[in-house]
Amino acid sequence: MRMTPQRQLVLDALLELEHATPERVCQHVQQTTPTVNITTIYRTLELLESLDLVRHTHLGHGAPTYSVHEHQHVHLVCHRCGHVDESPRSVMDELCGTLRAAHGFVLDASHLALSGTCKSCSEENT
């Protein structure tokens, strides 16, 4: 595969943004190259993911969030305020073992986001 200027722009955007939706990547790329459209961004992200250069996570409803870094964490998404926190993937070890023993299912926690209520929102209710 050839590294086209558009592909490089998308990779550079993800390196700067760390976690970003395709729309956010497009906005970032269009700051320097306004002719790149959202369709090109989606196609490029799909290609880069098929080459294992980027990965995605669904942090809630809506578009996935992409990153060039391997997710060494589980995303914790507050469904009240939208805050996203991270926890080490090791917090899922017990669940991974339970699922494997009970169902033979091997969980890929690198694409995992857990929805709940963050500490700040929880404290507001007490």
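Because the structure is predicted, anything quoted here is derived from the model rather than measured. Every heavy atom of this structure was used, including side-chain atoms; hydrogens, water molecules and symmetry mates were not.
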Task: Exam field: side chain Arg80 to backbone Cys121, donor-acceptor pair closer than 3.5 Å - done: yes

TODO: Please confirm whether the backbone N or O of Val36 pairs with a side-chain atom of Thr33, one donor and one acceptor, at under 3.5 Å?
DONE: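 No; judged by distance alone, with no hydrogens or angles, the pair does not exist.
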
Within the structure provided, determine whether [X] and [Y] are in side-chain contact (heavy-atom separation under 4.5 Å).
X      : Y      : value
Thr117 : His79  : yes
His73  : Pro88  : no
Val54  : Leu11  : yes
Val77  : Leu114 : no
Cys96  : Arg100 : no
Gln27  : Arg24  : yes
Leu45  : Leu14  : yes
His19  : His75  : yes

Task: Residue pair Leu48, Glu46: steps toward the side chain to side chain contact (heavy atoms under 4.5 Å, CB included) verdict - done: CA-CA 6 Å; Leu48 294 174; Glu46 286 178 16; over 6 Å; no

Open item on the list: If you count heavy atoms of other groups shown closer than 6.0 angstrom to CD of Gln31, is the number above 12?
Closed with: yes

Testing the basics here: between [X] and [Y], what is the closest heavy-atom pair and its distance to 0.1 Å?
X     : Y      : value
Val74 : Arg89  : CG2-CA, 4.0 Å
Pro22 : Ile38  : O-CD1, 3.6 Å
Met92 : Leu107 : CE-CD2, 4.2 Å
Arg55 : Glu49  : CA-OE2, 3.8 Å
Thr65 : Ala20  : CG2-N, 3.3 Å
Gln30 : Asn37  : NE2-CA, 4.1 Å

Task: Shared hydrophobic cluster for Leu17 and Leu15 (ILVMFWY, side-chain gaps under 4.5 Å) - done: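 Each belongs to a different hydrophobic cluster.
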
Open item on the list: Applying a strict under-4.5 Å side-chain criterion to I, L, V, M, F, W and Y, I'd like to know whether Leu53 and Val29 cluster together.
Closed with: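 Same hydrophobic cluster.
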
Task: Tyr66 and His56 aromatic ring geometry - parallel, tilted or perpendicular at 30°/60° bounds - done: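 Because their plane-to-plane angle lies in the 30° to 60° range, the rings of His56 and Tyr66 count as tilted.
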
Approximate separation, where rounding is to 0.5 Å, of [X] [atom1] and [Y] [atom2]:
X      : Y      : atom1 : atom2 : result
His28  : Asp12  : NE2   : CG    : 8.0 Å
Cys118 : Glu124 : SG    : CD    : 7.5 Å
Leu51  : Arg7   : CG    : CZ    : 8.0 Å

TODO: Test Ser90 against Asp93 for side-chain hydrogen bond (donor to acceptor under 3.5 Å, both in side chains), laying out the working first.
DONE: CA-CA 5 Å; Ser90 61; Asp93 288 350; 5.0 Å; no

